[in-house]
Amino acid sequence: MPVQACPCSGEESPRHEQTHAAPARPARPGRRRRAHRGPGLRAASTDRLSTAGAAPERTYRLVVRTSAGGDGLRIRLSNTFGTRPVTFGRAYAGLRATGAALVPGTNRPLTFAGSPSVTVPPGRSVSSDPLPGTVRPRSDLAVSLYVRDAGGAATGHRTALQTSYVAPSGDHAADDTATAYTQPVTSWFYLDAVTVNARRGTSAVAALGDSITDGALSTRDTNRRWPDFLARRLDGDVGTRVKGVANEGISGNKVLKDGSGQSALKRLDRDVLTQAGVRTVVLLEGVNDIKAVPAPTAAELIAGYRRIVDRSHAAGVCVVGATVMPYEGWREWTPAGEAVRQEVNAFVRDGGAFDAVVDFDRAVMDPAAPSRLLPAYDSGDHLHPNDLGMRVMADTVDLKSLRCQRR
């Protein structure tokens, strides 16, 4: 989940930049909700989790790595896919030391319109008040949420690839120690964005994608998804004002049809166009459409891409098109699907629809067998890159292409 930051200068109104975000499934599709503006620390797409997650009288300690730094930290809590109201009794944010333990003296309470507690109705989300103080980029932030009352389906991000923790009984949000947090979990519950204020002119990029963007089969607890590597490059580049990275990947996601999460077309507003500070989106979607049964034609998938580009441009957001990566060897690969992938990639490269292009296909393919991943980059399933492949993907992105002048 990325933390985003908002650009501020002197007495100018702050803008928020995303440092962490996770995609969520909306209970009210089509309803647009503009986030507080600015780049962010962390974001992650949310979805409907199992009903076992929506339990009262427990505390979640959710660990997220910030991508950008700044002050005035806020969190956004989502009940987008819930069926009942969720009441958060208290929420705290601090720096993680190890495991569920915090750096002493860093855990501080968050408020919501001045109150320590907040009830979020089904289909809605809420942002906290800004927290004084600064957050450094690439910090391990622990957000502790005491859920006083909940039931039904929980909203969250299933494949976090990050160990977080649950205190199964009572309010332990203010605890510095890990004693009460006896249950490790690998999903983020309710938290879908963390934002901070950054200098005016700073912006964020969203990575809209599927399991490859979500980081599937990269090493857990090491932040080696390709958007994580991209965030490190942006943080180390003094010449760019693009700093926050919002990872909006959902495993199994498609452009055209719902399945694992709502389709990219349905969740575009919520997960990209209303995310704080996002000026550019990198679109890496399509492989799950291509290997579906029945599968769309190349023309149908390209039409979906065009709709995403048109809606993003209307919102003042630039789109970097990413080529669909090779996957021969995966159980659902077919020659017909490969022909569609080649036609779609030709459009991405030469169709002129995108503001810029990143050619992930050529970066990770095996030159001796272009429909396959290079073995050095293959996690072993022939679809998902390993840690090295993820790094190569991030290194392929031209950082200048992430600057957007549409606003």
Side-chain angles (χ1 to χ4, degrees), residues 2 4 17-18 21 23 32 34-35 37 39-40 43 45 203-210 212-214 226-227 230-231 234 240-250 253-256 261-290 296 298-325 341 343-363 393-394 396-407:
Q4 300 180 204
E17 176 175 333
Q18 185 140 357
R32 297 192 54 152
R34 177 65 60 176
R37 300 318 306 158
S45 296
S203 65
V205 58
L208 182 63
D210 48 39
I212 295 172
T213 296
D214 209 10
W226 75 261
L230 178 61
L234 291 169
T240 183
R241 301 296 294 273
V242 182
K243 294 299 180 183
V245 179
N247 187 333
E248 303 295 350
I250 295 180
N253 201 230
K254 299 175 183 176
V255 173
L256 301 176
Q262 291 183 323
S263 71
L265 283 166
K266 283 188 178 178
R267 66 188 183 95
L268 178 66
D269 282 10
R270 182 191 66 251
D271 287 347
V272 176
L273 304 184
T274 61
Q275 286 289 357
V278 168
R279 298 290 181 269
T280 301
V281 55
V282 179
L283 175 64
L284 175 57
E285 292 252 17
V287 69
N288 291 314
D289 299 78
I290 293 170
E300 289 170 333
L301 187 51
I302 288 168
Y305 286 171
R306 288 189 183 278
R307 290 169 62 190
I308 289 173
V309 171
D310 289 346
R311 287 166 55 193
S312 299
H313 286 175
V317 173
C318 294
V319 185
V320 177
T323 49
V324 180
M325 294 156 53
R341 186 179 76 90
E343 186 174 347
V344 167
N345 281 351
F347 166 77
V348 173
R349 293 184 183 108
D350 303 319
F354 297 100
D355 298 279
V357 173
V358 55
D359 204 337
F360 288 148
D361 174 37
R362 289 175 177 160
M393 290 175 66
T396 302
V397 178
D398 180 358
L399 299 188
K400 293 180 181 178
S401 73
L402 303 180
R403 302 172 185 167
C404 182
Q405 304 299 325
R406 288 189 172 271
R407 294 185 189 176

Report yes or no: does [X] contribute a side-chain atom to a donor-acceptor pair with the main-chain N or O of [Y] at less than 3.5 Å?
X      : Y      : value
Arg311 : Leu273 : no
Asp355 : Val320 : no
Asp269 : Thr274 : no
Asn288 : Lys254 : no

To the nearest 0.5 Å, tell me how far [X] [atom1] sits from [Y] [atom2].
X      : Y      : atom1 : atom2 : value
Arg403 : Ser203 : CZ    : OG    : 10.0 Å
Glu248 : Arg267 : CD    : CZ    : 6.5 Å
Arg341 : Asp289 : CZ    : CG    : 14.5 Å
Arg349 : Phe354 : CZ    : CZ    : 12.0 Å
Asn253 : Glu285 : CG    : CD    : 4.5 Å

Open item on the list: Quick check: closest heavy atoms across Met393 and Phe360, and the distance to 0.1 Å?
Closed with: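 Looking at all heavy atoms of both residues, the closest pair is O-CE2, 3.1 Å.
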Task: Exceeds 12 heavy-atom contacts within 6.0 angstrom, atom CZ of Arg307 - done: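 12 or below, so no.
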Task: Thr323 and Arg362: CA distance, side-chain angles, deciding distance, side chain to side chain contact (heavy atoms under 4.5 Å, CB included) verdict - done: CA-CA 8 Å; Thr323 49; Arg362 289 175 177 160; over 6 Å; no
Open item on the list: Do Phe347 and Leu301 make a side-chain contact, defined as non-hydrogen atoms from C-beta onward lying under 4.5 Å apart?
Closed with: no
Task: Test log, rule side chain to side chain contact (heavy atoms under 4.5 Å, CB included), inputs Tyr305 and Val344 - done: CA-CA 10 Å; Tyr305 286 171; Val344 167; 3.5 Å; yes
Task: Positive for side-chain contact (heavy atoms from CB on, under 4.5 Å) with Val282, one of Thr213, Val319, Leu402, Val245 - done: Leu402
- [ ] Give the C-alpha distance, both sets of side-chain angles, the deciding distance and a yes or no for side chain to side chain contact (heavy atoms under 4.5 Å, CB included) between Leu265 and Ile308.
- [x] CA-CA 6 Å; Leu265 283 166; Ile308 289 173; 3.6 Å; yes
